Amino acid sequence: MSASLREEIGYTPSYTLAVFCCKIILMNSEIAKILSEMAMLLEMKGVPFKPRAYEKAAVIIETLEEDIRDTYKKGGLKSLMDISGIGQGIAEKIEEYIKTKQIKDYEHLKKQVPVDVGGLTSIESLGPKSVYKLYKKLGIKTVGQLEKAAKAGKLRDLEGFGEKSEKKLLKGIEFLKTGQGRFILGFVRPTINSILERLRKLPYVEMAEPAGSIRRMQETIGDLDILAISKEPEKVIDYFVKMPEAAHIYGQGPTKVNIRLNNGMDADLRVLKPASFGAALQYFTGDKYHNIALREIAVRKGYKLNEYGLYKGKKLAAGKTEEEIYKKLGLELIPPEIRTNSGEIESALRQAQGKPGGLPQLIDYGSLKGDLQVQTNWTDGQNSIKEMAEAAKKSGLEYIVITDHTKFLAMTGGLDEKKLLRQMKEIDRVQKEVNGIKILKGAEVNILKDGRPDISDEALAKLDVVGGAVHSNFNLSEKEQTQRLIGAMENPNIDIIFHPTGRVIQKREPYKVDMDALIKAAKRTKTILEIDAYPSRLDLKDQHIRKAVEAGVKLSIDSDAHSISHFQYLELGVAQAKRGWASKNDVVNTKNWPEMLKFLK
DNA sequence: GCCGTTTTCGGCCCGACTGTTTTCAGTCG
């Protein structure tokens, strides 16, 4: 987009791509997916140790910074094997995929057990072993078939299954369905950004912008809406339907097309004239309730508002930019993230009239100076302390807190008091090697059932930042769970509650907890609540954040990074904070580190 | 299949929880 056009239409990007830009590496995710499926298929057959090697390799490739094809081009098989976690066997399979677009061993395994292993294992409590049993005994290959069998009571007679597991699986399937057809924003953004970037590069495209739930930065999105400006719409449409991601065309017209992408997501593209771009952007950004309220205001003022513009009779009154439309309606421009008709229109009205109670000054993308939850290969992270620090610095951060798990979580090799001390020494050593970023010492401490941390207070007192999190006993009663978390908040060493709801989007419900009581206790004990920015976590929902902000509770936005590529997710945490009406001052890690430390206990 | 100041073989994170059992297998983190 040219600078003059940007100025002409008053364009402001819906989110900044520059700060935490997503690297688009589609081949890597394809290979990672295959390796991860191979891991499950091998696990089914009871093959020892190999599954873990494949799973590990899958994660490594998924989070690789570089396109694996480039790695391969540089030094062939050897450069693949130079990646820690990739040996000769898997390197050869990657080479085979790059050359032939398939892996024979994988095809062979799939032939032996032709089930939708990815789909089935995404049901909570269902792993590869059970999937295999269900296939062998009942011939179940898909989630649909499993649901049918469970409803017919056919599972309870299987060895290792009973009535309860039947019910649990049905519940898991139901939960999956509520998210069906929706995609977790953070996970599909690389694909979306890749498409947008290619569209923007076309010589006949002046501009291309996402609308809908993507622009509102919702946690999950149903489909992809793209608006473009071009004088040659047919050419744009033609390019769009011929993209490698285009799997199916539902309908195609001269200025509008609707396709299905190869990742299962539907995508709409509309090509517009500059005069109605703002109106279209407003109309397709929504949400529905916000738009209805806006149209009502328009009617009261004698206008008609639609996707082509704001009209007085037949005369176009506004349409080029969103700002002029809002202005004509007597409103301040409302940021896309808070367009939900939950008070933002009234606030925009007050602000335009110069009255108190206007729109909040929302936190900006790129305003985070630090990250308070970072895991390393001391526990379940992929990278070393140094690698994480350098990646964080590259993302524009001034400091990070190393927060590896403590001892209760044995799977992660959780740190005990001794190992924690050793890590602290290591951080001091690494700090001498890296400039321009401060590495603070911390931990993600497990909160035991009774609210106590799983590691001594003496050890915790030595750390700069301590986050407490629930990692077990998820299904306590609301009263017990709330008591447990408040107990943790009362600990003088626990500064932040990590994962305050414990949910995993589309996978696990949040644990039962009285959020109002939690917010109240956080205020009283000066405990920070975390907005976890990891795409499938986003622990605090927008409503929770709004309540916390109103109560004056401080928040932190953390990537929960387990790999160097995860710092890009911080942007999603900022989006979540925006949706919860949070300003920069509500978030402690917008401060530099000495200032941030002052907010801790 | 991967890895190595326990290096080219022999280990490979392990405890809690659940639902099924009556001593354990599978899943999760």
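Everything quoted here is computed from the prediction, not taken from an experiment.
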Which whole-number value in Å describes the distance from [X] [atom1] to [N] [atom2]?
X: A:F161; N: B:dT21; atom1: CZ; atom2: C1'; answer: 14 Å
X: A:K449; N: B:dG15; atom1: NZ; atom2: P; answer: 19 Å
X: A:D380; N: B:dG29; atom1: CG; atom2: P; answer: 11 Å
X: A:D82; N: B:dG4; atom1: CG; atom2: P; answer: 12 Å
X: A:Y511; N: B:dC17; atom1: OH; atom2: C1'; answer: 17 Å
X: A:I61; N: B:dG1; atom1: CD1; atom2: C1'; answer: 13 Å
X: A:M38; N: B:dC2; atom1: CE; atom2: P; answer: 11 Å
X: A:D454; N: B:dG29; atom1: CG; atom2: P; answer: 17 Å

Classify the nucleic acid contact of [X] as base, sugar-phosphate or nothing, counting any heavy atom under 4.0 Å across all strands shown.
X: A:K93; value: sugar-phosphate
X: A:K50; value: base
X: A:E163; value: sugar-phosphate
X: A:E159; value: nothing
X: A:P128; value: sugar-phosphate

If only side-chain N and O atoms of [X] are considered, is one of them under 4.0 Å from the OP1 or OP2 phosphate oxygen of [N]?
X: A:S125; N: B:dC28; value: no
X: A:N473; N: B:dA16; value: no
X: A:R508; N: B:dG29; value: yes
X: A:N475; N: B:dC17; value: no
X: A:S130; N: B:dT27; value: yes

Given the [atom1] atoms of [N] and [M], what is the spacing between them in whole Å?
N: B:dC12; M: B:dT18; atom1: C1'; value: 26 Å
N: B:dT21; M: B:dC17; atom1: C1'; value: 14 Å
N: B:dT6; M: B:dC2; atom1: P; value: 23 Å
N: B:dG29; M: B:dT23; atom1: C1'; value: 24 Å
N: B:dA16; M: B:dG11; atom1: P; value: 25 Å
N: B:dT20; M: B:dA25; atom1: P; value: 16 Å

Does any nucleotide pair with B:dG26 by Watson-Crick or G-U wobble geometry, both distances under 3.5 Å, and what is it?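 Base-paired to B:dC17.
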Quick check, does A:F49 stack with B:dC2? I mean ring centres under 5.5 Å and planes off by under 30°.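 A stacking contact does not exist, since A:F49 is not both close and nearly parallel to the base ring of B:dC2.
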Closest to the [X] side chain, choosing from [options]:
X: A:K164; options: B:dG1, B:dC3, B:dT20; result: B:dT20
X: A:S84; options: B:dC12, B:dC3, B:dT18; result: B:dC3
X: A:H471; options: B:dG26, B:dC2, B:dG29; result: B:dG29
X: A:S165; options: B:dG26, B:dG19, B:dC3; result: B:dG19
X: A:A53; options: B:dC2, B:dT20, B:dC3; result: B:dC2

For A:A469 against A:H499, the heavy-atom pair lying closest together: CB-CD2, 4.2 Å
Atom CG in A:N589, atom CG in A:D558: separation rounded to 0.5 Å?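 Result: 5.5 Å between the selected atoms.
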Assign each of A:K168 and A:K129 to its nearest nucleotide of DNA chain B by heavy atoms, then name whichever residue's nucleotide is nearer the 5' end. A:K168
Less than 4.0 Å between a side-chain N and a carboxylate O, is that true for [Y] and [X]?
X: A:E490; Y: A:R524; value: yes
X: A:E433; Y: A:R429; value: yes
X: A:D416; Y: A:K418; value: no

Could you tell me whether A:K133 atom NZ has more than 12 heavy atoms of other residues or ligands within 6.0 Å of it?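 Counting neighbours around NZ of A:K133, more than 12 heavy atoms of other residues, nucleotides or ligands fall under 6.0 Å, so yes.
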Measuring only between side-chain heavy atoms, which start at C-beta, is A:V117 closer than 4.5 Å to A:M44? yes
